[in-house]
Amino acid sequence: MINKIVASPAEAVADIFDGAVVMISGFGEAGSPIELIHALIDQGAKDLTVISNNTGSGHVGLAALIAHRRVKKMICSFPRTANSKVFPELYKNGEIELELVPQGTLAERIRSGGAGIPAFYTPTSVGTPLADGKESRKFDGKTYVMERTIRADFSLVKCKAADRYGNLVYNKTARNFGPVMCMGAETAIVQAKKIVELGELDPEAVITPGIFVSKVVEVSDPAEESKLVAEDRRYPW
Amino acid sequence: MINKIVASPAEAVADIFDGAVVMISGFGEAGSPIELIHALIDQGAKDLTVISNNTGSGHVGLAALIAHRRVKKMICSFPRTANSKVFPELYKNGEIELELVPQGTLAERIRSGGAGIPAFYTPTSVGTPLADGKESRKFDGKTYVMERTIRADFSLVKCKAADRYGNLVYNKTARNFGPVMCMGAETAIVQAKKIVELGELDPEAVITPGIFVSKVVEVSDPAEESKLVAEDRRYPW
Amino acid sequence: MVSTEEKIGWSVSDMARNVAIDIPNGSYVNLGIGMPELVAGHVPEGREVIYHTENGLLGMGPAPAEGHEDPELINAGKKHVTAIPGASYFHHADSFTMIRGNHIDFCVLGAFQVSEEGDLANWSTGAPGAIPAVGGAMDLVAGDIKIYVISRHTTKEGVPKIVKQCTYPLTGKKVVDTIYTDLAIIDVMKEGLFVRELAPGVTFDYVQERTEAKLHLY
Amino acid sequence: MVSTEEKIGWSVSDMARNVAIDIPNGSYVNLGIGMPELVAGHVPEGREVIYHTENGLLGMGPAPAEGHEDPELINAGKKHVTAIPGASYFHHADSFTMIRGNHIDFCVLGAFQVSEEGDLANWSTGAPGAIPAVGGAMDLVAGDIKIYVISRHTTKEGVPKIVKQCTYPLTGKKVVDTIYTDLAIIDVMKEGLFVRELAPGVTFDYVQERTEAKLHLY
């Protein structure tokens, strides 16, 4: 029998090793797998390279992971947001690396990795500092830069519902990077608000087919990052 | 108001011009927009380049379009199937061109066109005759070929349900090339078994967002290609 | 540099309306964060415009009533929004297919600087020590989407934002189509910057004095 | 060339079972058209295997009962199939993401020829005038999916299919992992072709006589 369900966030993240490349879904708090990130903090893996659109808020979730000095390098499109304090401070002190990637290029580099495509050309960033050092090439008279794929060892993803095959559906704009991050990692680890029986998810409406998912854990009442930040909570508590 | 619904297949295909590049959805008969193809035969556009996985069966649908000598060139992965007679004959007589493309490369070339990506690298076809004349390049010690995007002027697509914004859902394995062909054409023309009110399609389960679609026509009782072929029907009848 | 203390020219609301008038019925529009968001409130009667937010929603509606916020239904500025009937959700790669693949028709953006060739700088002031953050800005201007910039004509300090050459890091080269300021509507043409409309009571010379790049009249 | 009229060796059903045994629980498997399809009928008790068909279905089930065929629910061979609980449908670009991106674990294919280096020829005999048709064959072997070939050891005319060099156009170079024939199970190793198992009553020499490439014993 196939059963990708694990009992706890701790069990789900147990194999993440020092130095791993880890993708983390979410756009701001929407879709951020906060319980998996906290389990990763407890687990202790360090020297991580983290790929995520932002760098987290306050002192919970991704921001807490960074605050605990577990992250060597961030690959993201928008490292500062209204309540991001941890990353800016470390960055200014030269204590964390940053690779800044345009958001669409980031999504496509992740997808291409999952699709077995090692490189592609894009018009994004041509003529800007973010194209510096990148190969460029003309097609039909227009200039493009070549972008290499990004692959991760693990991805941590949040979704609305999952089954034991790892089929997933998401909630509204919390979908964002989840589907491509499941494609783009060796081991995709997912927290679902609900685990349902096989066949309960409409096969026409499954967004992430289970083939892209390795582990699923139910977190039925996930924390709301913005509330924790408003209360100035700090993980671990 | 936005209203992409048109009254008939004839109206839907009216703008297709001689020499146009036309994508046609379907894998065998599943997803083949037979009424739109028949309307295109009636309309008369010729010298077409057609991109479709197969070349049609019997003397209906795509096979009939080819039989009427409207197609100058086929770009496809599998031009012969059990009941394909028209294409093989014309091809053997040198009366139609063929560009043979591996199926996954075909899908990705179509998607990349829709995504503004002019070229990408793939391992598919390396070391085979289909890589002849293509640029190849090593990434991390493995060889890949560079594939250019394909763009079309029009695509003809079949789906299960649509609304006036052009949002689409498909039926089972009839989905196949429909979504990427909607992305990859200047003007995507869709026949839907049913047109529904705005809001009836679950926004979480829309497969093709309306932005990729230009025209929608309801064909509530589409012909079944395999039945027509079994009866040896020939279009026009 | 000229003092801009006099209160003449269009209000921010007027500016947003000027942009909205130039967006035809049936358009797919991406609105940047801040002033661009106001454009949605000025769509002329009878037009239907569909808003895209790059974090995965086509058919974005207005802010929800208080108490109806959903932390998982937000826009690119991470504000709570709603979804209209006929909306759809999708993942980031599909979302940027809509952008990079030129399926979006218009993008309305703010700017730090626009050059006379239409170069745009709107993501970084290049200040030493600042945390660089680009988001989707470079993707939005990379395709052939019409790019409308909405911005005050000068900085608060009266420094021109429409310049000969951008001094801030570029978002994209030759990408801006039209600039909507409090003083004028300016089209970026191959031959230079052309003033299409002046705000009430504003003269061409008044605008030129507040613009580093050379302006033309049609 | 040796006559193969004697009815020794494994039946087609045995061959399919041999392949099925080598596919562990939880695998994602793509089965080629024809003989490979039989593998699905031989999954050992207690194992759950999920079948992918490249035309957009993960969780393909057996053929439907007569009268329950849906022309829009077919496999890559364009035969009617069913979908199991837990299945999902997707478009072609996503389907080949599963293939090219190595998410599929095993692919079982037929062959015209396999070389001693594991080159596979299974899409064209290169006959002049023949209509070339490749389908998804080249995509399936392009990644790092384990490729199992199931095939009679020789052609009907007794011509070896396991050869030094393929004479037919290649599907892919160095792609085959194991060959399951009516006479033997042969692993393609860096050092050459190694016979892992012989069919009952079949000797190594008997197999070697019907094989152009040199065979080895482990």
S.K.: Donor-acceptor pair, Arg100(D) side chain versus Ala115(A) backbone, under 3.5 Å?
M.R.: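 Yes; at least one donor-acceptor contact below 3.5 Å.
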S.K.: More than 12 heavy atoms of other residues, nucleotides or ligands under 6.0 Å from CD of Glu191(D): is that the case?
M.R.: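 Atom CD in Glu191(D) is packed in, count exceeds 12.
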S.K.: Measuring from atom CG of Asn102(D) to atom CD of Glu186(A), what distance do you get when rounded to the nearest 0.5 angstrom?
M.R.: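 These two atoms lie 8.5 Å from each other.
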S.K.: Would one find more than 12 heavy atoms of other residues, nucleotides or ligands at under 6.0 Å from atom NZ of Lys174(D)?
M.R.: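 Incorrect, the count does not exceed 12.
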S.K.: For chain D, which candidate among Gly113(A), Ser112(A), Gly114(A), Gly210(A) shows the most heavy-atom pairs at distances under 4.5 Å?
M.R.: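 Of the options given, most contacts go to Gly114(A).
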S.K.: Under the side chain to side chain contact (heavy atoms under 4.5 Å, CB included) criterion, do Glu48(D) and Asn3(A) qualify, and how do the steps go?
M.R.: CA-CA 10 Å; Glu48(D) 206 174 4; Asn3(A) 189 5; over 6 Å; no
S.K.: What is the minimum heavy-atom distance between Pro85(D) and Leu198(A), and which atoms define it?
M.R.: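 That closest heavy-atom pairing would be O-CG, 3.7 Å.
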S.K.: Given side chains that start at C-beta, do those of Thr97(D) and Phe212(A) come closer than 4.5 Å, heavy atoms only?
M.R.: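 Thr97(D) reaches Phe212(A) side chain to side chain.
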S.K.: What's the spacing between Ile117(A) CD1 and Phe96(D) CZ if we round to 0.5 Å?
M.R.: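 CZ of Phe96(D) is found 12.5 Å from CD1 of Ile117(A).
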S.K.: Heavy-atom cut-off 4.5 Å, strictly under: side chain, backbone, both or neither for Ile104(D) against chain A?
M.R.: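 Looking at Ile104(D), backbone and side chain both touch chain A.
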S.K.: Apply side chain to side chain contact (heavy atoms under 4.5 Å, CB included) to the pair Phe90(D) and Thr208(A), showing each step before the final yes or no.
M.R.: CA-CA 9 Å; Phe90(D) 33 82; Thr208(A) 294; over 6 Å; no
S.K.: Is the NZ atom of Lys142(A) crowded by more than 12 outside heavy atoms at less than 6.0 Å?
M.R.: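 Check passes, neighbour count above 12.
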S.K.: Side chain, backbone, both or neither: which part of Asn25(D) has a non-hydrogen atom closer than 4.5 Å to chain A?
M.R.: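 For Asn25(D), side-chain heavy atoms alone lie under 4.5 Å from chain A.
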S.K.: Might you point out which heavy atoms bring Tyr28(D) and Tyr165(A) nearest each other, and give the distance in Å?
M.R.: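 Looking at all heavy atoms of both residues, the shortest contact is OH-O, 3.7 Å.
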S.K.: Within a reach of under 6.0 Å around CD of Gln165(D), are more than 12 heavy atoms found that belong to other residues, nucleotides or ligands?
M.R.: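 Counting neighbours around CD of Gln165(D), 12 or fewer heavy atoms of other residues, nucleotides or ligands fall under 6.0 Å, so no.
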S.K.: Out of the candidates Val206(A), Ile211(A), Leu201(A), only one should pair with Ser88(D) under the side chain to side chain contact (heavy atoms under 4.5 Å, CB included) rule; please name it.
M.R.: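 By the side chain to side chain contact (heavy atoms under 4.5 Å, CB included) criterion, Ser88(D) pairs with just one of Val206(A), Ile211(A), Leu201(A): Val206(A).
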S.K.: So for Ala93(D), is it side chain, backbone, both, or neither that comes closer than 4.5 Å to the heavy atoms of chain A?
M.R.: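 For Ala93(D), the contact with chain A is made by backbone and side chain together.
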S.K.: Does a sphere of radius 6.0 Å around NZ in Lys72(A) hold more than 12 heavy atoms from other residues, nucleotides or ligands, not counting ones at 6.0 Å or beyond?
M.R.: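 Check passes, neighbour count above 12.
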